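Every value quoted in this text rests on a predicted model; they were computed, and no experiment measured them.
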Amino acid sequence: MFLAAKLLSFLTQPLAWVAALLLVGLLLINARPRWAKRLCAIALGLLMLLGWEPLPDAVLRSLETQYPAVTPNTTGSTYVGVIVLGGALEPAYVWTAPQQSALNSAAERMTEVIPLLRQQPQLTVLFTGGEGELFANGLSEAERASRFFLGQGLPSSQLLLESASRTTYENAVLSRQLPGVDATQPWLLLTSAFHMPRAMAAFRRAGWNVSAYPVDFRSGVSTPWSQYSMDQGVAKWRLALHELLGQLAYRLAGRA
């Protein structure tokens with residue numbers, strides 16, 4: 001599944017679609033000039049449309065609203081721990097500044113754990129994430145997460161690390177195998193809101209008793225029609241397409 005996801009990542013890259021259309025158009029410029037012009041026009045139109053943010057925001061919003069936001073003081077005190085999914089840390093080669101962490105645009109997966117623990121200090125933090133890069137080397141994501149949490153003052157006795165998983169399904173399966181973990185007890189599952197539907201489905205399929213604690217909301221309540229940004233629009237389309245394709249793949253494979 002991990003290798004298949006890497007090979008199919010082309011489908012989640014809107015700019016790759018534009019490049020493919022332009023390439024085919026150039027190849028047909030002599031043999032089929034009319035088709036070549038049409039393909040190039042479609043590529044240009046698609047490129048311009050990608051920057052209009054209300055469209056990808058609508059798709060992301062449909063994912064994010066499936067599990068509404070909760071606050072640390074409304075979750076109750078019955079939970080034994082919080083499962084934090086990886087994906088918020090820059091690759092290992094970026095972690096070069098001494099005593100500093102390198103977080104990416106999903107940083108809330110890490111930072112929102114701290115206020116949650118202030119309200120519920122009894123929670124065990126279970127971070128799950130190995131290395132999502134195809135040719136990875138250096139510190140695993142779990143090791144980088146350990147540096148972050150310990151640097152924030154979390155006692156090592158309150159932190160569990162799973163460092164072999166590469167996909168959400170592996171997060172669920174391998175975390176269950178950690179010593180002292182009882183998946184039948186109530187846990188909070190913390191990840192990005194757009195990723196929560198697939199994560200909840202995978203963890204429940206693997207036998208976890210989890211409740212959603214979504215963070216890192218990207219779409220808001222509504223998006224102004226004038227909102228336009230080529231880089232932001234493309235980034236949001238990548239997230240949305242990745243999740244939609246991931247949900248489909250998990251269902252077909254019986255993992256959700």
key: Lys NZ or Arg CZ of R205 over Y169 ring: under 6.0 Å, within 45°   = no
Heavy-atom side-chain contact between V181 and S175 under 4.5 Å = no
message = Restricting to non-hydrogen atoms, name the atom on E243 and the atom on F194 that form the minimum distance, rounded to 0.1 Å.
response = CG-O, 3.5 Å
key: Sub-4.5 Å side-chain heavy-atom contact between R198 and H242   = yes
task = To the nearest 0.5 angstrom, please state how far the CH2 atom of W17 sits from the CG atom of L50.
result = 8.0 Å
task = State, yes or no, whether a side-chain contact exists between Q100 and W95 at a heavy-atom distance under 4.5 Å.
result = no
query = What distance separates H195 NE2 from Q247 CD, expressed to the nearest 0.5 Å?
reply = 10.0 Å
query = Does some side-chain heavy atom of P214 sit less than 4.5 Å from a side-chain heavy atom of E64?
reply = no
task = Could you check I83, V82, V84 and say which one makes a side-chain contact (heavy atoms from CB on, under 4.5 Å) with L189?
result = I83
message = Do L244 and V59 make a side-chain contact, defined as non-hydrogen atoms from C-beta onward lying under 4.5 Å apart?
response = yes
request  = Kindly work out whether a path of hydrophobic side-chain contacts (I/L/V/M/F/W/Y, heavy atoms less than 4.5 Å apart) joins V113 to L85.
outcome  = no
ask   = Side chain of R176, backbone of A206: donor and acceptor closer than 3.5 Å?
value = yes
task = Could you walk me through whether E141 and F127 pass side chain to side chain contact (heavy atoms under 4.5 Å, CB included), step by step?
result = CA-CA 9 Å; E141 190 170 18; F127 180 90; 3.8 Å; yes
query = Does the R144 side chain pair with the main chain of E90, one donor and one acceptor, at a distance under 3.5 Å?
reply = yes
inquiry  = Does the plane of the ring in W187 sit parallel, tilted or perpendicular to the ring in W208? Use 30° and 60° as the thresholds.
reply    = perpendicular
message = Please check if the number of heavy atoms outside R32 that lie under 6.0 Å from its CZ is greater than 12.
response = no
task = Work out which heavy atom in A106 is nearest to a heavy atom in A88; give both atom names and the distance.
result = O-CB, 3.1 Å
query = Are any side-chain N or O atoms of R109 and backbone N or O atoms of G86, one a donor and one an acceptor, separated by less than 3.5 Å?
reply = yes
Straight-line distance of L139 CG to S146 OG, nearest 0.5 Å = 10.0 Å
request  = Treating Ile, Leu, Val, Met, Phe, Trp and Tyr as nodes and any side-chain heavy-atom pair under 4.5 angstrom as an edge, say whether V70 and M196 lie in one connected cluster.
outcome  = no
query = Considering all heavy atoms of both residues, which atom of D216 and which atom of S192 are nearest to each other, and what is their separation?
reply = OD2-OG, 2.6 Å
ask   = Going from CD on Q185 to OG1 on T78, what distance comes out if it is rounded to the nearest 0.5 angstrom?
value = 10.5 Å
inquiry  = Between L188 and V80, is there shared hydrophobic-cluster membership here, with clusters defined by ILVMFWY side-chain heavy atoms closer than 4.5 Å?
reply    = no
request  = Assess whether side chain to side chain contact (heavy atoms under 4.5 Å, CB included) is satisfied between L123 and L116, documenting all intermediate values.
outcome  = CA-CA 9 Å; L123 294 177; L116 176 60; 3.9 Å; yes
task = Report yes if some heavy atom in the side chain of P72 is under 4.5 Å from a heavy atom in the side chain of Y213; otherwise report no.
result = yes
message = Assigning hydrophobic clusters by single linkage (Ile, Leu, Val, Met, Phe, Trp, Tyr; side-chain heavy-atom cutoff under 4.5 Å), is F149 placed with L178?
response = no
key: Interatomic distance, Q122 atom CD to L117 atom CG [nearest 0.5 angstrom]   = 9.0 Å
ask   = Is there a donor in the side chain of T128 and an acceptor in the side chain of N171, or the other way round, less than 3.5 Å apart?
value = yes
ask   = Under 4.5 Å between side-chain heavy atoms, hopping through other hydrophobics if needed: is there a path connecting Y250 to M200?
value = no
query = Quick one: do K236 and E53 make a salt bridge, cutoff under 4.0 Å?
reply = yes
request  = State the CZ-CG distance between R38 and L28, to the nearest 0.5 angstrom.
outcome  = 12.0 Å
task = May I have the step-by-step check of side chain to side chain contact (heavy atoms under 4.5 Å, CB included) for L21 and C40, ending in yes or no?
result = CA-CA 7 Å; L21 288 170; C40 290; over 6 Å; no
key: Side chain proximity check, L239 to L63, heavy atoms < 4.5 angstrom   = no
task = Would you name the heavy atoms of Y228 and L47 that are closest together and state the gap between them?
result = OH-O, 4.4 Å
ask   = Under the 3.5 angstrom rule, does the side chain of R61 hit a backbone N or O of G220 as a donor-acceptor pair?
value = yes
ask   = Which atom pair, heavy atoms only, marks the closest approach of I114 to Q152?
value = CD1-CB, 3.9 Å
key: S156 and L150, any side-chain heavy atoms less than 4.5 Å apart   = yes
task = Measure across L55 and W237 and return the closest heavy-atom pair with its distance rounded to 0.1 Å.
result = CB-CZ2, 3.7 Å
inquiry  = Checking V24 against L39 for the side chain to side chain contact (heavy atoms under 4.5 Å, CB included) test, could you report, in this order, the C-alpha distance in whole Å, the side-chain angles of both residues, the deciding distance, and whether it holds?
reply    = CA-CA 8 Å; V24 174; L39 288 174; 3.5 Å; yes
query = Do T124 and Q158 get their side chains close enough for a donor-acceptor pair, meaning under 3.5 Å?
reply = no
